[in-house]
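In what follows, chains carry the letters A, B, and so on, assigned in the order in which the sequence lines appear, proteins first and then strands, with residues in each chain numbered from 1.
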Amino acid sequence: DVKVTQSSRYLVKRTGEKVFLECVQDMDHENMFWYRQDPGLGLRLIYFSYDVKMKEKGDIPEGYSVSREKKERFSLILESASTNQTSMYLCASITGQGGFKPQHFGDGTRLSIL
Amino acid sequence: EDQVTQSPEALRLQEGESSSLNCSYTVSGLRGLFWYRQDPGKGPEFLFTLYSAGEEKEKERLKATLTKKESFLHITAPKPEDSATYLCAVQGVETSGSRLTFGEGTQLTVNP
């Protein structure tokens with residue numbers, strides 16, 4: 001079974017802090033994704049990566065950056081946290097090799113910015 | 001731009017009362033449609049992939065169907081443990097990478 005692990009289930013930070021959210025997958029997947037999920041808005045893609053050191057902006061990248069130094073790890077960075085970044089953050093991964101496969105999700109990090 | 005609309009937003013059923021959830025989509029060319037289940041405080045869990053109109057997939061009390069414009073998730077004789085939020089997502093042929101576009105979900109509550 002694919003395992004996507006997000007380092008924190010709950011996180012409370014202050015406005016202006018630099019925040020790191022970590023995600024690790026154990027299936028050697030090429031593609032990894034960061035979403036945020038808000039009531040009434042569904043899942044929205046922030047950034048994704050299709051290989052080490054490769055990244056592409058999703059639909060709402062403003063205020064975020066990402067890092068992928070190793071294949072199994074994809075980090076989301078809030079450069080200067082703001083209250084409107086309070087949300088549930090979900091990481092997902094998928095193989096890039098052949099076929100049409102579903103994304104596998106972690107259990108999320110609920111981030112509160114005070 | 002791909003779009004997904006799910007209805008209703010919320011649905012309350014009595015145990016054993018069958019019903020359907022709707023997912024309407026607009027996509028330039030459909031590569032595939034996914035259904036996920038999400039429990040409170042958890043990430044989405046994959047249920048089904050549908051590729052072409054007319055296709056059907058079943059798992060226990062759930063059956064997913066697909067037309068050219070929408071997908072239905074039919075729930076037959078639901079039980080309280082079927083309570084969850086059900087998410088629909090699409091991938092179009094012109095979408096880069098493995099990006100998905102998600103709907104807002106339907107929150108299902110099944111009362112005993």
Does a donor on one side chain sit under 3.5 Å from an acceptor on the other, for A/Y64 and A/Y89?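 Indeed, the side chains of A/Y64 and A/Y89 share at least one donor-acceptor pair under 3.5 Å.
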
A/Y35 and A/Q103: side-chain donor and acceptor closer than 3.5 Å?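 Checked: A/Y35/A/Q103 side chains pair up, N/O donor to acceptor below 3.5 Å.
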
With sequence neighbours excluded, what pairs up with B/S18 under the side chain to side chain donor-acceptor pair (under 3.5 Å) test?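 Scan of B/S18 (side chain to side chain donor-acceptor pair (under 3.5 Å), adjacent residues dropped) gives none.
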
Please name all residues satisfying side chain to side chain donor-acceptor pair (under 3.5 Å) with A/E69, sequence neighbours left out, ordered by chain then number.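 A/E69: side chain to side chain donor-acceptor pair (under 3.5 Å) contacts with A/K53.
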
Tell me, for B/F48 versus chain A, whether the close heavy atoms (under 4.5 Å) come from the side chain, the backbone, both or neither.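 Contact with chain A involves no heavy atom of B/F48 at all.
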
Name the region of B/L100, side chain, backbone, both or neither, that has any atom closer than 4.5 Å to a heavy atom of chain A.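 Both parts, heavy atoms under 4.5 Å.
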
At a 4.5 Å cut-off on heavy atoms, which part of A/R110 comes close to chain B: side chain, backbone, both, or neither?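 No part of A/R110 comes within 4.5 Å of chain B.
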
Is any side-chain heavy atom of A/L21 closer than 4.5 Å to one of A/W34?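 SC-SC contact between A/W34 and A/L21 confirmed.
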
Ignoring hydrogens and angles, write down the donor-acceptor pairs under 3.5 Å from the side chains of residues 102-112 of chain B, residues two or more places apart or on other chains.
unit_1 : atom_1 : unit_2 : atom_2 : d
B/T106 : OG1    : B/P8   : O      : 2.6

Report, in residue-number order, which members of residues 36-43 of chain A are under 4.5 Å from chain B by heavy-atom distance.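 Checking residues 36-43 of chain A against chain B gives A/Q37, A/G40, A/L41, A/G42, A/L43.
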
Where B/L50 and B/K57 come nearest, the two heavy atoms and their spacing: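 What the structure gives for the nearest pair is CD2-CG, 3.5 Å.
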
